[in-house]
Amino acid sequence: QHWQRRLSDGGRSILLCADEALARHLAETLAQWQSAAAYLSGSPLWRDYQPLSGERHLSDQWLGLECDGLLLPLDGQLTANGLAAASGALRWGGVLIAFPATTRNGLSSYLLQCLTDSPLVLAVARLEPELPPAMQELQAVCSAQPEWMTEAAAQQHAIVDRMERLLRGRRHRPMLLSARRGRGKSSALGAVAARWCQSGASIVVLSPAIDNIRSLVERFEACGGEAVKTHRWQLGEGTLQWRPMDRYLEDPAQQSSADCLIIDEAAAFSFHQLEQCIAHPRVVMATTLEGYEGSGRGFRLRFLQWLSQQR
């Protein structure tokens, strides 16, 4: 079936449950099935859709977050921007589970009707006493490591190895890692940050908000890193610290003391800010050029063109 092919070849699948209790039970079941496969982040991660009071900041809240599964209540608080931002955090090969709420608005009612009518959505009414045939097939797909995941893991390891060499390579050769959302960029940054810290390096991470590096920190901690202060982690003799962009640019001592500078979601920053950051001798940038934070055209056409001329 179409949903099964999408999951096995790296696409995203959508399931529609009858109610919230069934949706959460199904999410726990899927997480157990997914645990049988090797994930880029080390283990499958599920998140709940959380509506925010400030729609203006909603994109920033989800920027840089990743998950293997997303629980989406079709309720009166669902917005189009919120749906786009949250679903964009779903990793390649992930599963979105939607369920109707008692109270709905126009968008959630319309979306529920679309999901109900779509042949590409798997509707789940029950899990017990025995799994329906479609769920049995889904269990087999989730429990096995698909070919795309093996290839993606190999690519990620190769990228991490290459970024690791930046610490001892030539200075003033910034590296850019770009891909669509959910491809494991932040996870790769967390892995290389752990390697750098094990070598005793002091690392500063810049991002639009602290929540944007949650996936990076989760991978860093999975590699043995520990939080020692607010927005500061340690592994071996090395340290990892998050700073807001404006605070970093106003602190010459911080700029000179950092061995490496990581800029996550670089396309969200202005050209002037990135231009100042590139003065650091060792910089790694990661970003999504296509996504809800903007098309990335300004970053691609202006900053990258300037960078190629300067470096």
Donor-acceptor under 3.5 Å (Ser256 side chain, Ala253 main chain): yes
query: Quick one: does Ile203's side chain get under 4.5 Å of Trp196's, heavy atoms only?
result: yes
query: When you check the side-chain N and O atoms of Trp242 and Ser207, is any donor under 3.5 Å from an acceptor?
result: yes
query: Less than 4.5 Å apart, any side-chain heavy atom of Ile213 and any of Ser186?
result: no
query: Looking at Leu240 and Cys197, what are the two nearest heavy atoms and their distance?
result: N-SG, 4.2 Å
task: First locate atom CG of Asp251, then atom CG of Asp246, and finally report the distance between them rounded to the nearest 0.5 Å.
output: 11.5 Å
field: side-chain contact (heavy atoms from CB on, under 4.5 Å) between Val284 and Ile263, worked out
entry: CA-CA 6 Å; Val284 172; Ile263 308 175; over 6 Å; no
field: side-chain contact (heavy atoms from CB on, under 4.5 Å) evaluation trace for Arg214 with Arg47
entry: CA-CA 12 Å; Arg214 192 178 303 173; Arg47 298 189 189 276; 3.2 Å; yes
Val204, Leu261, Leu249 screened by side-chain contact (heavy atoms from CB on, under 4.5 Å) with Gln254, the one that passes: Val204
message: So Leu235 and Phe220, do their side chains get closer than 4.5 Å, heavy atoms only?
response: yes
query: How far does CD of Gln241 sit from OG of Ser257, to the nearest 0.5 angstrom?
result: 8.0 Å
- request: Check Arg171 against Arg282 and note the closest heavy-atom contact, atom names and distance.
  value: CG-NH2, 3.4 Å
- request: Nearest 0.5 Å please: distance from the CG atom of Leu72 over to the CG atom of Asp48.
  value: 10.0 Å
task: Apply salt bridge (Lys or Arg N to Asp or Glu O under 4.0 Å) to Arg24 and Glu28, showing your working.
output: CA-CA 6 Å; Arg24 295 196 176 280; Glu28 294 177 0; over 6 Å; no
query: Any side-chain heavy atom of Phe99 within less than 4.5 Å of one from Leu16?
result: no
- request: Using atom types as modelled and distance alone, determine if a side-chain donor or acceptor of Asn212 lies under 3.5 Å from a backbone N or O of Ala209.
  value: yes
message: Between Leu206 and Ile262, does the side-chain contact (heavy atoms from CB on, under 4.5 Å) criterion hold? Intermediate values first, please.
response: CA-CA 6 Å; Leu206 307 177; Ile262 294 177; over 6 Å; no
Closest non-hydrogen atom pair between Tyr248 and His280, with its separation: OH-CD2, 3.8 Å
task: Could you tell me whether the side chain of Leu115 reaches within less than 4.5 Å of the side chain of Ile14, counting heavy atoms only?
output: yes
field: Heavy-atom donor-acceptor pair, Ser87 side chain to Leu83 backbone, under 3.5 Å
entry: yes
- prompt: Taking all non-hydrogen atoms of both residues, which atom of Pro208 and which atom of Asp264 are closest, and how far apart?
  reply: CD-O, 3.8 Å
field: Check: Ile278 main-chain N/O paired with His172 side-chain donor or acceptor under 3.5 Å
entry: no
query: Judged by atom type as modelled, is there a donor-acceptor pair below 3.5 Å linking the side chain of Thr287 to the main-chain atoms of Ala267?
result: yes
field: Value rounded to 0.5 Å, distance of CD in Glu164 from CG in Leu166
entry: 10.5 Å
field: Point-to-point distance, once rounded to the nearest 0.5 Å, from CD of Gln198 to SG of Cys223
entry: 7.5 Å
message: Whether the Ser270 and Gln273 side chains hold a donor-acceptor pair (N or O, under 3.5 Å, no angle test) is what I'd like checked.
response: yes
field: Side-chain touch Met163/Leu189, heavy atoms, less than 4.5 angstrom
entry: yes
statement: Closest non-hydrogen atoms of Leu112 and Pro100, given as atom of the first, atom of the second and distance, are CD2-CB, 3.9 Å
message: I want to check something: taking the side chain as every heavy atom from C-beta on, are Arg195 and Asp161 in contact at a cut-off of under 4.5 Å?
response: yes
message: Tell me the closest heavy-atom pair linking Tyr49 and Leu70, and the distance in Å.
response: N-CD1, 4.0 Å
message: For Ala201, is there any backbone N or O sitting under 3.5 Å from a side-chain donor or acceptor partner on Asp259?
response: no
message: Do Asp117 and Gln113 pair up side chain to side chain, a donor and an acceptor below 3.5 Å, judged on atom types alone?
response: yes
message: Before you tell me yes or no, could you show the steps for Val121 and Leu15 under side-chain contact (heavy atoms from CB on, under 4.5 Å), namely the whole-Å CA-CA distance, both residues' side-chain angles and the distance that decides it to 0.1 Å?
response: CA-CA 6 Å; Val121 175; Leu15 281 68; 5.8 Å; no
field: Short side-chain donor-acceptor distance under 3.5 Å, Asp75 and Thr103
entry: no
field: Distance in Å, Gln255 CD paired with Cys277 SG, rounded so as to fall on 0.5 Å steps
entry: 7.5 Å
message: Aromatic contact between Trp306 and Phe271, with the criterion being ring centroids under 6.0 Å apart: yes or no?
response: yes
